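Input: a single structure, listed below in structure tokens.
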Amino acid sequence: MLRNPELRTKPLGIQQKNIVVTCNYVARERGISKLSYIKDAEKKCPDIVLVNGEDLTHYREMSYKITNFLLKYTPKVERLGFDENFLDVSDMVRTRLNDPSTKEEVKGHIYGQGQKDDADSCTCGCHARLTVGTQIAADIRSALQEELGISCCAGIAWNKLLSKLVAGTHKPNQQTVLFPEHTFELMLSLEAVRAIPGIGHSTAKRLASLGIQTISQLQEVDQSVLTGEFGNSMAQTMKLLSCGSDQSPVVTTGQAQSISDEDSFRKCQDVEDVKNRIGGLLDNLLKRLEEDGRLPGIIRLTLRKLDKEGQWSKRESRQCRVPSHVFALGNNKTIAWYCVLSNNKTIQMKMK
DNA sequence: ATGGGTCCT
DNA sequence: AGGACCC
């Protein structure tokens with residue numbers, strides 16, 4: 001929509017293979033949901049505009065532009081995927097609180113009732129700090145809109161877990177603050193344990209085997225029950241998360257730890273096809289590697305397979321070190337191939 | 001499902 | 001090298 005503003009008012013879907021992986025809010029009002037099949041989407045909404053989103057280059061570039069923009073405010077910016085960033089603005093809050101011109105006005109939504117009496121219920125100054133947090137968020141969001149044309153949601157809270165959860169309560173393009181009195185309300189509004197960031201598919205299943213499905217069950221279960229299944233550290237973390245407590249700091253993300261390129265290898269008939277496809281992936285990777293400027297230490301080939309019954313993909317990989325002289329020499333692709341295929345590190349693939 | 005990423009064991 | 005998590 002940024003590159004073609006005419007699409008703003010139209011139902012727009014981003015297509016990868018047979019799937020609408022995401023869509024704009026015009027499309028959502030027409031009943032399109034994320035991860036629906038193209039056929040279903042077109043049935044519901046024949047005039048949907050589809051844009052191919054298999055090449056993530058543009059998203060990745062915009063994503064880093066946004067992160068770099070945020071880094072002008074504070075060095076404490078942590079990326080989560082391509083479209084989320086955590087900011088620790090504690091220092092900015094302190095500075096603003098020392099400025100006599102700072103007001104007490106809350107910007108955006110207040111989670112829960114937001115009654116007047118809330119303001120009296122803390123003696124630690126957290127309400128004042130969070131209130132300034134809402135002003136910082138509003139400033140940053142409006143600058144983002146002005147300078148990069150990007151709209152977004154924000155959640156203001158005193159830890160990452162809660163900021164992420166509260167950010168989702170007013171969508172799209174709105175912000176919400178959580179004052180501490182409403183923490184349990186927010187956590188219990190989630191119902192399923194799976195809704196807690198950090199509790200994924202696998203952990204949710206293991207919890208279910210213990211009879212734990214809801215957040216309140218997790219809050220109330222005896223620690224020792226969890227320790228038996230998950231060990232001490234995970235049990236502790238999960239208990240805390242269920243109560244809205246998250247000790248993890250905002251860690252500055254910095255440069256990427258790895259770069260990768262993928263393809264689903266549909267309609268691959270023989271080894272030649274596979275080689276050609278992998279060759280294409282290598283071309284893209286080597287181009288990005290040049291832009292990055294750093295040299296790789298390890299190259300890895302990964303397969304995603306659907307495990308039987310479930311639709312969840314397992315990853316199988318083979319890796320080896322990249323000889324450091326290789327990239328100075330020129331014939332990158334040959335050497336990259338050598339790395340992929342060397343040392344008997346091959347991968348069995350079943351062709352369909 | 002798709003095309004990315006992270007960190008821990 | 002695999003497993004878990006995230007988007």
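All chains are named by letter (A, B, ...) in the order of the sequence lines, taking the proteins before the strands, and each is independently numbered beginning at 1. Keep in mind it's a predicted model, so treat the numbers as computed, not measured.
When the C1' atom of B/dG5 is taken as reference, atom CG of A/Asp83 falls 12 Å away, rounded to whole Å. Atom C1' of nucleotide C/dC7 and atom CZ of A/Phe82 are separated by 9 Å, given to the nearest angstrom. If you take CG of A/Leu56 and P of C/dC6, they are 20 Å apart, rounded to a whole angstrom. Straight-line distance from the CZ atom of A/Arg79 to the C1' atom of C/dC5: 17 Å, rounded to whole Å. Per the geometry, CG belonging to A/Leu207 stands 10 Å off P belonging to C/dC5, to the nearest Å. Rounded to whole angstrom, the span from the CD1 atom of A/Ile259 across to the P atom of B/dG3 amounts to 17 Å. Note: CD1 (A/Ile299) to C1' (C/dA1) measures 16 Å, nearest angstrom. Spacing between atom CG of A/Leu80 and atom C1' of C/dA4 amounts to 14 Å, rounded to whole angstrom units.
Residue contacts shown for A/Glu262 include a base, since a base heavy atom lies under 4.0 Å away. Using a 4.0 Å heavy-atom criterion, one finds that A/Lys164 contacts the sugar-phosphate atoms exclusively. Note on A/Asp261: only backbone sugar-phosphate atoms sit closer than 4.0 angstrom, heavy atoms only; bases stay farther off. A/Asp55 comes within 4.0 angstrom of nothing in the nucleic acid, heavy atoms only. When heavy atoms are screened at a 4.0 angstrom cut-off, A/Arg266 is found touching the sugar-phosphate backbone but no base atom.
Using a 4.0 Å cut-off, some side-chain N or O of A/Thr203 falls inside it from OP1 or OP2 of C/dC5. OP1 or OP2 of C/dC6 sits under 4.0 Å from a side-chain N or O of A/Arg194. Within the 4.0 Å cut-off from OP1 or OP2 of C/dA4, not a single side-chain nitrogen or oxygen of A/Arg315 is found. Between A/Lys34 and B/dT2, a side-chain N or O to OP1/OP2 separation shorter than 4.0 Å is absent. Phosphate contact (OP1/OP2 of B/dG5, side-chain N/O of A/Arg60, threshold under 4.0 Å): present.
Counting heavy-atom neighbours within 6.0 Å of A/Lys17 NZ, excluding the residue itself, gives a total above 12. In A/Arg294, the CZ atom is crowded: over 12 heavy atoms of neighbouring residues, nucleotides or ligands sit closer than 6.0 Å. Remark: A/Glu191 CD is loosely packed, at most 12 non-hydrogen atoms of other residues, nucleotides or ligands lying under 6.0 Å away.
Each of A/Gln255 and A/Tyr37 lies near DNA chain B, and the nucleotide nearest A/Tyr37 is the one positioned closer to the 5' end. When each of A/Gln16 and A/Ser260 is assigned the nucleotide of DNA chain B bearing its nearest heavy atom, the one mapping closer to the 5' terminus is A/Gln16.
When each of B/dG5, C/dA1, B/dT2 is scored by its nearest atom to the side-chain atoms of A/Ser264, the top-ranked nucleotide is B/dT2. Distances were taken from every side-chain heavy atom of A/Ala256 (C-beta onward) to each of C/dA4, B/dG4, B/dT6; the shortest belongs to B/dT6. Between B/dT6, C/dG2, B/dG3, one nucleotide has an atom nearer to the side chain of A/Ser258 than all others, and that is B/dT6.
A/Arg304 contributes no side-chain N or O that forms a donor-acceptor pair with the base of B/dG5 under 3.5 Å.
Closest approach of A/Val274 to A/Phe265, counting heavy atoms only: O-CE2, 4.0 Å.
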A/Arg300 and A/Ser317: CA distance, side-chain angles, deciding distance, side-chain hydrogen bond (donor to acceptor under 3.5 Å, both in side chains) verdict:
CA-CA 7 Å; A/Arg300 168 160 47 201; A/Ser317 68; 4.7 Å; no
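If you chain together hydrophobic residues whose side chains sit under 4.5 Å apart, A/Leu186 and A/Leu161 fall into the same group.
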